[in-house]
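As structure tokens, the structure follows; a few thoughts come after it.
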Amino acid sequence: QKQPKRSPVAATTHVESKPPLLVVPLDTGGGIQVDPHTLRVDCSIAEAAADGAGKEERRRDLQVFCVGDAASKPAERYLASFAHWEAEYVSHAILGDTAAAGGG
């Protein structure tokens, strides 16, 4: 059986695991489907079972923002000026969400 890796700096045991998988909706061209009014994406995080059997241990729904070339949108909106505007919009939305949650 394979021995766990040990850090040369610390005497702790490192357990190798797969990172969680972010599941996002894609369009037929491979762009991420976003809400055109909010630039948010309804997606989920799926974590694999610890035994590596390929079964999902848990799935958590969440919303993230998607801007720029990764977002699915009309061809005329694939310009740097739109990406800049999208980034400003998202930064203000994050600040608003933070303030509404009592964090600022």
**Study point:** Check: D35 side chain, L39 main-chain N or O, donor-acceptor pair, under 3.5 Å
**Key:** no
**Study point:** CZ on F82 to CD on E76, rounded to 0.5 Å
**Key:** 7.0 Å
Check your understanding: Can you tell me how far the CG atom of D27 sits from the CD atom of Q33, to the nearest 0.5 Å?
Key -> 6.0 Å
Under a 4.5 Å side-chain heavy-atom rule over Ile, Leu, Val, Met, Phe, Trp and Tyr, are [X] and [Y] clustered together?
X	Y	answer
I94	V67	yes
L62	V24	yes
L22	I32	yes

Practice item. Under the side-chain contact (heavy atoms from CB on, under 4.5 Å) rule, what do V23 and C43 come out as? Steps first, then yes or no, please. Key: CA-CA 6 Å; V23 180; C43 57; 5.7 Å; no
Check your understanding: Under the side chain to side chain contact (heavy atoms under 4.5 Å, CB included) test, which residues partner D97, sequence neighbours left out?
Key -> R40, F65
Point to revise | Residue list, side chain to side chain contact (heavy atoms under 4.5 Å, CB included) with D69, at least two apart or on another chain | key: Y78
If you compare all heavy atoms of [X] against all heavy atoms of [Y], which two are closest, and at what distance to 0.1 Å?
X	Y	answer
V41	P25	CG1-CD, 3.6 Å
C66	V34	CB-CG1, 3.5 Å
W85	R77	CZ3-NH2, 4.2 Å

Practice item. Please assess I45 against L21 for the test side-chain contact (heavy atoms from CB on, under 4.5 Å), listing each intermediate value before the final yes or no. Key: CA-CA 6 Å; I45 292 180; L21 175 66; over 6 Å; no
Check your understanding: Distance only, no hydrogens: is a donor on one side chain within 3.5 Å (strictly under) of an acceptor on the other, for E88 and H84?
Key -> yes
